[in-house]
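Proteins come first, then strands; the chains are lettered A, B, ... in the order of their sequence lines, and each starts at number 1. Reckoned from all heavy atoms, side chains included, excluding hydrogens, waters and symmetry mates.
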There are 2 protein chains.
Amino acid sequence: MASGISLKELAAELKLAPSTVSRALNDSYEISEATKKKVISMAEKLNYHANPFARSLRENKSKTIAVIIPERINNFFAQVMDGIEEIAQEHGYHLLVYNTHEDVEREKKIVNLLLNGRADAIVMSVSSQTSDISHLMKLHERGLPIIFFDRVRSEIPTTKFITNDYESAFEGTKHLINQGCKKIALLTLGKDLSTTKERQRGYNDAILSEGWELDPALTLYCSHEEDSNVELIEKLLKSSDKPDGILASVEKLAFATYQTVKKTTLSIPSDLKLISFSNASVANLLNPSLTTITQPAVSIGNECAKLLIKKLTKPKHYELLDQVITIPSKITVRESTLVE
Amino acid sequence: MASGISLKELAAELKLAPSTVSRALNDSYEISEATKKKVISMAEKLNYHANPFARSLRENKSKTIAVIIPERINNFFAQVMDGIEEIAQEHGYHLLVYNTHEDVEREKKIVNLLLNGRADAIVMSVSSQTSDISHLMKLHERGLPIIFFDRVRSEIPTTKFITNDYESAFEGTKHLINQGCKKIALLTLGKDLSTTKERQRGYNDAILSEGWELDPALTLYCSHEEDSNVELIEKLLKSSDKPDGILASVEKLAFATYQTVKKTTLSIPSDLKLISFSNASVANLLNPSLTTITQPAVSIGNECAKLLIKKLTKPKHYELLDQVITIPSKITVRESTLVE
DNA sequence: ATAAAATGCGGAAACGATTTCGAAATTATG
DNA sequence: CATAATTTCGAAATCGTTTCCGCATTTTAT
């Protein structure tokens, strides 16, 4: 259909063997400079482009990396993607992108699709629903290089890139306490998420370090649906012992909190202080501006891609060791946690 | 490396010819139900997955669509992507995604990469820098199906999906006028962008319909860099005849306007009213909340993918006619254009 | 009972590249 | 000048599918 000239045809035009033309185009030492030039100029003239599938079939690699994210409308994941793409493009790699929409069934389907080797490797962040990981195990057992970022699974022995979730949540909670909060709630996603666990641990430890007790009712496990989250938060804010501080594990939940507060007579930060993990550039434009824990999203993407491409291009020299690499987040204090 | 069993090996295991196994797996009428069942169960047992490159090579199609966008951290484009992916996944298509970062040179590189047939078709929105389109012409001449959305190029005879840019800009400007604005500025991107032209035409006609004169100084052509945009807008807001209303062509410029206003003594909406094309869900959380023209992003993505897949699967029955399909936007009035 | 048609499957070519192996042609060496 | 070494290139195999063509065998029609 949209195919152009083939190597064989190009060779015929040049009165050379296909093997020679192939070598010339791949800059083989076996070919004289003279013929190389002839081949290259003719290739350009005839608009020759190597068929990527023939090459992939022969070489058993596709120069393609699959990226699986749970959400696209999310500044963190979008920035990670940009970070991955930057490095990938530099090395001639293409990106297949899949959005699971936080749905583990979709995640399974996508992962199974990748079992056929369409991509040379996978970079992913699991969905918040993901509990059983047999589908991921199968991928790894098949020998497909896989790197996790942000939402990782320690059961799979490979390299993971994350931010300092525990410390950031600890510091974030401490910040709320320093600003005078006495009762702090944690808004988070799925229980099985590595980020949830770590951030909750940081939150818990900060609470306990004050000699306070942990109140399970103050940890909310939210969903991916704005409406039900608002309901959940509304119930929290209307309860008898409502919190005066909130740590949101993802920006979506901070936004939901704003939406909820708008429906009440409460106001931020006087009645409720709010801090959130977020990479939103509009954090300082919100009303009030949002105190954020900003993750090094682009760097995380960069590092994932760099390591993966090393592994793919020099398999002998690089391994995806079973390790977790942490890149720290940064807290930016704004009005939402201000003492008045 | 990560490859499993091949069709030939599967056939050997079954003591059948590869051709038979292939036909059985593809549910050919030539194969008896009995052998089909045997083949399928053995395929599952041995975890057989067809090599996609061998298939692509043979069939000359990849079940892959390339999507080229100018920006990833942008609610509109992210939603369009989601819309495309939804339909693509339903039909077993994969998505190769490329971000040009509004850079025409990157766009050219990416487009040239796609000349080799790695993708069966392309869905794209051109960069704001794109003026010369010979690289896009080449794609089209090669016979590669291509669909434009939002930022289109009429020179390429294919189907384009856009929103009602002219009417929306006209209505948006009228809205500012109705709210009492006497001097309205237009913030937009590249001069060659189809959206810029149409929205400017709508803006112009709205101004002229009042019997006012057009002031070229009130149309700002911004870049993709936040800092320089803020500078530009700051100069506008500090000029002797500064505007009392702004129509922003993209949400990024509305955000830049907020940032700029924060640096001045002005306030929205009392000194300056603001309306913007935007698909940001946080529009109502901004300070003040932002009056928006919301584009039907997901629908646009859906329609692009639907048409393209029809064209790819039934080439005889569907053509990418040279036409523009318009899906209307919706204006949501909020505080940023309120009369006090 | 025989011819015709349908059914079920196998063999081999084809898709377009890379690469192994080997053979000329050229140059260097004794 | 004869032989060895080095360049430079070609023939053919290969990757894993799909599909054209062919050939039995069975079923249906005459």
Side-chain angles (χ1 to χ4, degrees), chain A residues 1-40 42-43 46-64 92 115-120 142 313, chain B residues 1-40 42-43 46-64 92 113 115-120 142:
Chain A
M1 179 75 72
S3 76
I5 195 178
S6 79
L7 185 73
K8 213 179 292 181
E9 295 170 293
L10 177 58
E13 197 70 31
L14 284 157
K15 294 188 198 303
L16 286 173
S19 48
T20 305
V21 176
S22 171
R23 279 185 277 242
L25 291 174
N26 290 324
D27 201 29
S28 161
Y29 71 99
E30 297 184 278
I31 304 298
S32 71
E33 288 304 319
T35 41
K36 271 186 195 172
K37 280 191 180 162
K38 257 188 282 181
V39 169
I40 290 171
M42 180 63 85
L46 299 187
N47 234 289
Y48 170 76
H49 294 273
N51 183 309
F53 307 117
R55 180 174 285 163
S56 290
L57 176 59
R58 175 63 218 238
E59 304 205 311
N60 199 28
K61 59 185 179 187
S62 60
K63 289 227 130 195
T64 298
L115 238 34
N116 62 13
R118 185 177 287 267
D120 293 342
R142 271 227 147 195
T313 52
Chain B
M1 177 75 71
S3 75
I5 194 178
S6 78
L7 185 73
K8 216 178 290 181
E9 296 170 293
L10 177 59
E13 197 70 32
L14 284 156
K15 295 188 197 305
L16 286 173
S19 48
T20 305
V21 176
S22 171
R23 279 184 277 241
L25 291 174
N26 291 321
D27 201 29
S28 162
Y29 70 98
E30 297 183 279
I31 306 297
S32 71
E33 288 304 319
T35 39
K36 272 186 195 171
K37 279 192 181 161
K38 256 188 282 183
V39 169
I40 289 172
M42 180 63 84
L46 299 186
N47 234 288
Y48 169 77
H49 293 273
N51 182 309
F53 307 118
R55 180 174 284 165
S56 290
L57 175 60
R58 177 61 218 235
E59 303 204 310
N60 199 29
K61 59 185 179 190
S62 60
K63 289 227 128 195
T64 298
L113 242 38
L115 238 34
N116 62 12
R118 185 177 285 267
D120 292 342
R142 270 227 148 193

Gap between atoms [atom1] and [atom2], on [X] and [N] respectively (whole Å):
X	N	atom1	atom2	answer
A:Asn51	C:dC15	CG	P	12 Å
B:Lys63	D:dT18	NZ	P	13 Å
B:Leu10	D:dC15	CG	C1'	17 Å
B:Ile31	C:dT7	CD1	C1'	10 Å
A:His49	C:dA17	NE2	C1'	16 Å
B:Leu57	D:dT14	CG	C1'	12 Å
B:Leu14	C:dG8	CG	P	17 Å
A:Glu30	D:dA5	CD	P	19 Å

Rounded to the nearest 0.5 Å, what's the gap from [atom1] on [X] to [atom2] on [Y]? Could you check?
X	Y	atom1	atom2	answer
B:Ile40	B:Thr35	CD1	OG1	9.5 Å
B:Lys38	B:Lys15	NZ	NZ	11.5 Å
B:Arg55	B:Lys61	CZ	NZ	10.0 Å
B:Asn51	A:Arg118	CG	CZ	9.5 Å

Of the candidate nucleotides C:dC9, D:dT18, D:dC9, which contains the atom at the shortest distance from the side chain of B:Leu7?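 For the B:Leu7 side chain, the nearest candidate turns out to be D:dT18.
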
Among D:dT17, D:dC9, D:dT19, the one nearest B:Ser6 by side-chain distance: D:dT17

Is the shortest heavy-atom distance from the side chain of [X] to the side chain of [Y] under 4.5 Å?
X	Y	value
B:Thr20	B:Ile31	yes
A:Arg142	A:Leu115	yes
A:Leu10	A:Leu25	yes
A:Asn60	B:Phe53	no

Minimum heavy-atom distance A:Leu7-A:Pro18, with the two atoms named: CD2-O, 3.7 Å

Of all the heavy-atom pairs spanning A:Ser56 and A:Ser62, show the shortest one and how long it is.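 A:Ser56 and A:Ser62 have their closest heavy atoms at OG-CA, 3.4 Å.
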
Given the structure, check if the side chain of A:Arg58 and the base of D:dT14 hold any donor-acceptor pair shorter than 3.5 Å.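 Yes.
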
Taking five pairs at each end, how big is the angle between the two axes of the helix from C:dA1-D:dT30 to C:dG30-D:dC1, to 10°? 50°

Within residues 15-27 of chain B, find the residues that approach DNA chain C with a heavy atom at under 4.0 Å, and present them sorted by residue number. B:Lys15, B:Leu16, B:Ala17, B:Ser19, B:Thr20, B:Arg23

Is any side-chain nitrogen or oxygen of [X] closer than 4.0 Å to OP1 or OP2 of [N]?
X	N	answer
A:Ser32	D:dT7	no
A:Tyr29	D:dC9	no
B:Arg55	D:dT18	yes

Both A:Lys8 and B:Thr35 contact DNA chain C. Taking the nearest nucleotide for each, which residue is further toward the 5' end? B:Thr35

